[in-house]
Amino acid sequence: MSGVPQALAGVTVVEFGGYAAGPWIGKVLANFGAKVVHVEARDRPDGVRLQYPPYKDGKVGINRSGCFSYFNDSKYAVTLDVKKPGGVELARRLTDWCDIVIENMRPGVMARIGLGYEVLKETNPDIIWLSTCNMGQTGPRAATGGFGSQLSALAGFTGLTGEAGASPMLLYGPYIDFVAALVSAPAVLAALDRRKRTGEGAYFDVSQYECGLSFIAGALFDYHANGKIAERAGNDDAVAAPHGAYRCRDEGWLAVSCWSDEEFARLAPAVGRPEWADDARFADAAARRANIAALDEGIEAWSAPLDAGEAATALQTARVHAYRVNTMADLFSDPALSHRRTWRVRRHGEIDDQAYYFPGFDLSETPGDIPGPAPLLGHDNEIVFREFLGLTDEEYDTHLANGVI
Amino acid sequence: MLGPYRVLDCTGPLGWLTGRLLADLGADVIKIEPPGADLGDPGWRANNVNKRLLTLDLGDDAGREAFRRLARDVDFLLESAAPGSAAADLFDPEALNAANPKLIHVSVTPFGRSGPHAEWLASDLEMMAAGGAMSLAGEPDGLPVRVSVAQSYGWAGAQAALGAMMALTHRSATGRGQHVDVSAQAAVIASVAHAPASWDLLGVNSTRAGAFMTGRSVHGANYRVFWPCKDGYLNFIIYGGFAGRRTNASLVAWMTEAKAELGVLAEIDWAGFDPTQATQAEVDAIEDPVGRFFLTLSKAEFLQGAFDREMLGYPVFNVADIAADPQLEARGYWQDLPGPGGRAERFGGGVAIVDGERLALVRPVPSAGEHSREVLGEMGFDPSEIDGLIAAGAVGDK
């Protein structure tokens, strides 16, 4: 698909499951050259295809889901119904073929349908298998299913968002699903590396809950060591003052933070208040925190008539921490993101042009890309089953007739 | 799994998690810190457990020379030096690669090593702003807020580890290392799920949802997401569809058993309830008795009850609740290691159970200079050189 050498060239992945936590891993691997096959049953496609906006032109349709496509660019999609005769056998041929299986079903589901790791390992002994779910495969609440948006509350994130003494705040979408995907994906590649050296495969039992906690590790440590319970604190910080969001023109917002007395001496004139630099009320961080209302008011008086991007540039020129609070629309015009080509437009069969997210890292010798749009349902049945797996015409036609494909 | 590999970890907060993930996967991760560094910070300790520590002054000529020698022999280098700074000069990708062609060099910075904002100053606040996350959190008519525990470090650090492993995959095929360039801003975008797609496809610029779910009902009704309970808050939403019907019916059964006042819930037919068609008055009538029932429950009671009754929803946990969660305990998530003064320190363990065993923490948090002599000795410095570096203050001994 790409003329440039790819880091994961030759690596093959099969995904069972849907929504975000599993598929996001496959998407990022595909962006760096892995061949990733997304498996769905024609009668039970990936749940995300029909459950969340945005849809192309606002019209729901199985191949019109902006959400599905945003999570599944660069992949092959097959329809494979394991409940039909011969379905499990065909799924096994897929898992025999691939290096890595990713599944994010509830614990026990894969085994129940005949696709458990122990069984599939018999014919692919060095397979690398990642099972990812809310609670992990074991433990008193292993059977819990649920939405990542709500798991984000259990894992501490929403309690840490919002003003002190007021309600927790929602984070957008299944926040923790993406944490889990990104924190567990390196392990899969580490296993691949080990396999090259020793021939061993690996079975990963991943809990999205546990993965999420790696993002609040310091707060958990502080609780265990010192009994400190981290609380939501708006935009306050224990060290920096000022530290917050300030209104700008046209409903824009500016984030500003100040980490030293020297930085404050640069901030003051930059917001038109040179006299602050000699004001005892703001002489050090403690004083600034004690008198933060005056500072916040003064900064906002400066920023309110300004464009947020221009305000940020002015402060950065003065060497002060600042950035526009980017809305989703702003992300598409941000110059730092344009430089990295974060948004790569590809043409999808039904959605037409869509901007796909290129991950936040790149490699110098084997740069990644978005090699293609997300796939239509069952789009790659022929290429995957005939070419990759080598099904004969007869085998393929039989599976079609049985409703497997 | 990564036992054969050695990592030089020169990162600040933006990269601590990267080295931790590699260490938990078995790599020998050597953290470098300057003399006098604060090793007591909870974030530092939590993320630099399982690593060795070489106290090395990278601002000192002899220290920099020692670093260059080390960099010739390691498999991975992790750093988060500010682009354009003197520190960044030490981490020139071409020079490092020329001296060690198999080196996988990972740079973790707010905006990447190049580009129009590469030298801009950004802390977690600005990175969460730049990556779009802040615009989507907070009250709809209030301030955009960040999460009060820094998150951008995690988004950047995790993607850095993933990039490092991809580079390793390539290297094992070709013998060649390369440079992995991470932008925390771009990494943070992964946290806003598919919100960018709403803008891209429909011109809808998603806004802060606050504490209510909006946009579901054609009549503009808002659904409560966070409910006060006896000792905090619960995250629960009146859903429709199959899963919602089951949850809602289970809730009513629970309330009935508890002899709670049901109001309209006594008569409601969930099969016929469509959240997209409800008016605010209808939603309020449903949520009113639910809210009063939830006030009688603790977080722990709701957690267990929701599990037993297969209901969607979770309590809003804080770190104390998480620390006491029997699910984590049962899975051996916590690991205690010896800390300073003989006191045990508790850590969240490796992020996966592999072939039945959790990725283990084998090294406690290191102290200043603890492995300086050991590491330098292994890397070919002879004792008199090491003594000299220590005497000159370029290296810290334990």
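Just so it is clear: chains get the letters A, B, ... in the order the sequence lines come, proteins before strands, and each one is counted from 1. These values consider heavy atoms only, across backbone and side chains, with no hydrogens, waters or symmetry-generated copies.
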Query raised in the report: Do the side chain of A:Tyr357 and the main chain of B:Ala186 share a donor and acceptor less than 3.5 angstrom apart?
Result: yes

Query raised in the report: Is the closest side-chain donor-acceptor distance between B:Arg331 and A:Thr138 under 3.5 Å?
Result: yes

Requested in this report: Assess the side chains of B:Asp200 and A:Tyr70: does a donor N or O sit below 3.5 Å from an acceptor N or O?
Outcome: no

Report summary line: Honestly, the part of A:Ala312 sitting under 4.5 Å from a heavy atom of chain B is both

**Report entry** Derivation of the side-chain contact (heavy atoms from CB on, under 4.5 Å) call for B:Met166 and A:Leu29
**Finding:** CA-CA 9 Å; B:Met166 291 187 182; A:Leu29 298 181; 4.1 Å; yes

Query - Atom CD of B:Glu357 with >12 non-hydrogen neighbours under 6.0 angstrom - result: no

Query raised in the report: Checking B:Trp334 against chain A: side chain, backbone, both or neither under 4.5 Å from a heavy atom?
Result: side chain

**Report entry** B:Trp44/A:Phe221 aromatic ring centres below 6.0 Å
**Finding:** no

Query - Full working for side-chain contact (heavy atoms from CB on, under 4.5 Å) between A:Phe361 and B:Val108 - result: CA-CA 9 Å; A:Phe361 63 93; B:Val108 196; over 6 Å; no

Query raised in the report: Hey, does the side chain of B:Gln159 reach the backbone of A:Pro359 with a donor-acceptor pair shorter than 3.5 angstrom?
Result: no

Requested in this report: Please state whether the side chain, the backbone, both or neither of B:Glu329 comes within less than 4.5 Å of a heavy atom of chain A.
Outcome: neither

**Report entry** Output field: ring centroids B:Phe111/A:Tyr323 closer than 6.0 Å
**Finding:** yes

Query - B:Ala211, part contacting chain A, at a heavy-atom distance under 4.5 Å - result: both

Report task. Tell me, out of B:Leu2, B:Val351, B:Asp181, B:Leu25, who's got the most heavy-atom pairs with chain A below 4.5 Å. Result -> B:Asp181

Query raised in the report: Quick one: of A:Arg340, A:Arg247, A:Glu200, A:Lys228, who has the most non-hydrogen atom pairs under 4.5 Å with chain B?
Result: A:Arg340

Query - Check: A:Asp334 side chain, B:Gly131 main-chain N or O, donor-acceptor pair, under 3.5 Å - result: no

Requested in this report: Answer yes if the ring centres of B:Tyr239 and A:Phe147 are under 6.0 angstrom apart, and no otherwise.
Outcome: yes

Query raised in the report: Does a side-chain N-to-carboxylate-O contact under 4.0 Å join A:Asp237 and B:Arg146?
Result: yes

Query - Worked check of side-chain contact (heavy atoms from CB on, under 4.5 Å) between A:Leu213 and B:Leu328 - result: CA-CA 11 Å; A:Leu213 298 181; B:Leu328 296 172; 3.8 Å; yes

